[in-house]
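Notes follow once the structure below has been shown.
Computation of the quantities below employed the complete heavy-atom set of this structure, encompassing side-chain atoms and omitting hydrogens, waters and symmetry-equivalent molecules.
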Amino acid sequence: MELILSPWHSPVRNCALEEYMVTERHDDVLLLYRNTPSVILGRNQTVAAEIDGDFCRAHGIEVVRRLSGGGAVYHDLGNINYAFVSNKEASPVLDRDFLRPVVTLLQVLGVEATAGKRKELLAGGRKISGTASHVTRNRQLFHGTLLHRTDLHMLEQALRGDRTARGKGVASVPSPVANIAELLHSDETTEAFLERFGALLLQYYGLSGYSPISPNETERIAQIERIRRMKQQADNHGE
């Protein structure tokens, strides 16, 4: 297992990073990253049905489509994202135990997290992490969010779509949510929490430090990002 902390906060770049890890790497990787304000749509969702387009444009909230299915989620710098990528023939991350490291380490940090029926993480009866997965012939991706200091008002407003426009698109399943900082009654910054969470992950997997992203990989990820941006423009015009 390699642990990689993304140096980027661009939602399109980080989606390209995940895509690169799924399609062009052949090892087990765990990514950590944060995004600037954005809505990340599931693979088969209808844009207009899931977001308030006018609100997102007015507040500079980028709309990005990810590889995996599932519902729309809101990201900002108060949200921490994790992504497990592995070979299908290796020890699977998509079985019932895939969330064990995240749950275990959150409990060490004082968060009484449990996995729900939809593979979401719950604490205090509210959702602190939504998850989704994507499987190819040879690789598998499982990723999720950790709400730490996310602006929940912006989340609610951005995800107010026109449900009548859904058509055959996959519907999001709304759930009561909570921020980890609120549950811990903590004024800790998200950067500090991520530093502690990352340190525990390194210890959990017996790693000496984060693995770097090479210049060649960065160039390839940028190429994937450019393709994604072209598709995203066409997607958003269809809103």
Would you check if there is a donor-acceptor pair between the side chains of His148 and Thr190 at a distance under 3.5 Å?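 Judged by distance alone, the side chains do pair up.
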Scan side-chain atoms only and decide if Asn81 and Thr145 contain a donor-acceptor pair under the 3.5 Å cut-off.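 There is no such pair (donor and acceptor under 3.5 Å, judged by atom type) between the side chains of Asn81 and Thr145.
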A side-chain contact here means heavy atoms from C-beta on lying under 4.5 Å apart; do [X] and [Y] qualify?
X	Y	result
Asn79	Arg34	no
Phe142	Val135	no
Val39	Cys56	yes
Arg160	Gln157	yes
Ile40	Pro11	yes

Go through Asp54 and Arg57 one step at a time and tell me if the side chain to side chain contact (heavy atoms under 4.5 Å, CB included) criterion holds. CA-CA 5 Å; Asp54 291 338; Arg57 282 185 288 271; 2.9 Å; yes
So, taking the atom named OH in Tyr210 and the one named CG in Leu5, what distance separates them when rounded to the nearest 0.5 Å?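 Going from the OH atom of Tyr210 to the CG atom of Leu5 covers 5.0 Å.
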Rounded to the nearest 0.5 Å, how far does CZ of Arg139 lie from CD of Glu24?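 So the gap between those two atoms works out to 11.0 Å.
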Applying side chain to side chain contact (heavy atoms under 4.5 Å, CB included), run through Arg25 and Glu2 and close with a yes or a no. CA-CA 11 Å; Arg25 289 274 293 253; Glu2 288 192 47; 3.2 Å; yes
Side chain to side chain contact (heavy atoms under 4.5 Å, CB included) between Thr150 and Leu155, worked out: CA-CA 8 Å; Thr150 294; Leu155 179 153; 4.2 Å; yes
Grouping I, L, V, M, F, W and Y whenever their side-chain heavy atoms are under 4.5 Å apart, do [X] and [Y] come out in a common cluster?
X	Y	value
Val177	Ile61	yes
Ile80	Leu122	no
Leu152	Leu77	no

Short N-O contact, [X] and [Y], less than 4.0 angstrom:
X	Y	result
Arg229	Glu62	yes
Glu120	Lys127	no
Arg149	Glu182	no
Glu19	Arg66	no

Run Arg226 and Gln223 through side-chain hydrogen bond (donor to acceptor under 3.5 Å, both in side chains) and show every step you take. CA-CA 5 Å; Arg226 286 193 288 272; Gln223 292 173 347; 5.5 Å; no
Within the side chain of [X], is there an N or O that forms a donor-acceptor pair under 3.5 Å with the backbone of [Y]?
X	Y	result
Thr218	Asn216	no
Asp52	Phe55	yes
Arg43	Leu67	yes
Thr131	Lys119	yes

Indicate the ring-plane relationship of Tyr82 and Phe84, choosing parallel, tilted or perpendicular according to the 30° and 60° boundaries.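 Rings of Tyr82 and Phe84: perpendicular, as their planes differ by over 60°.
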Under the side chain to side chain contact (heavy atoms under 4.5 Å, CB included) rule, what do Glu225 and Ser10 come out as? Steps first, then yes or no, please. CA-CA 10 Å; Glu225 178 187 7; Ser10 161; 4.0 Å; yes
Working note: His143 + Glu18, criterion side-chain hydrogen bond (donor to acceptor under 3.5 Å, both in side chains); need CA distance, chi angles, decisive distance, verdict. CA-CA 9 Å; His143 54 184; Glu18 284 189 340; 3.0 Å; yes
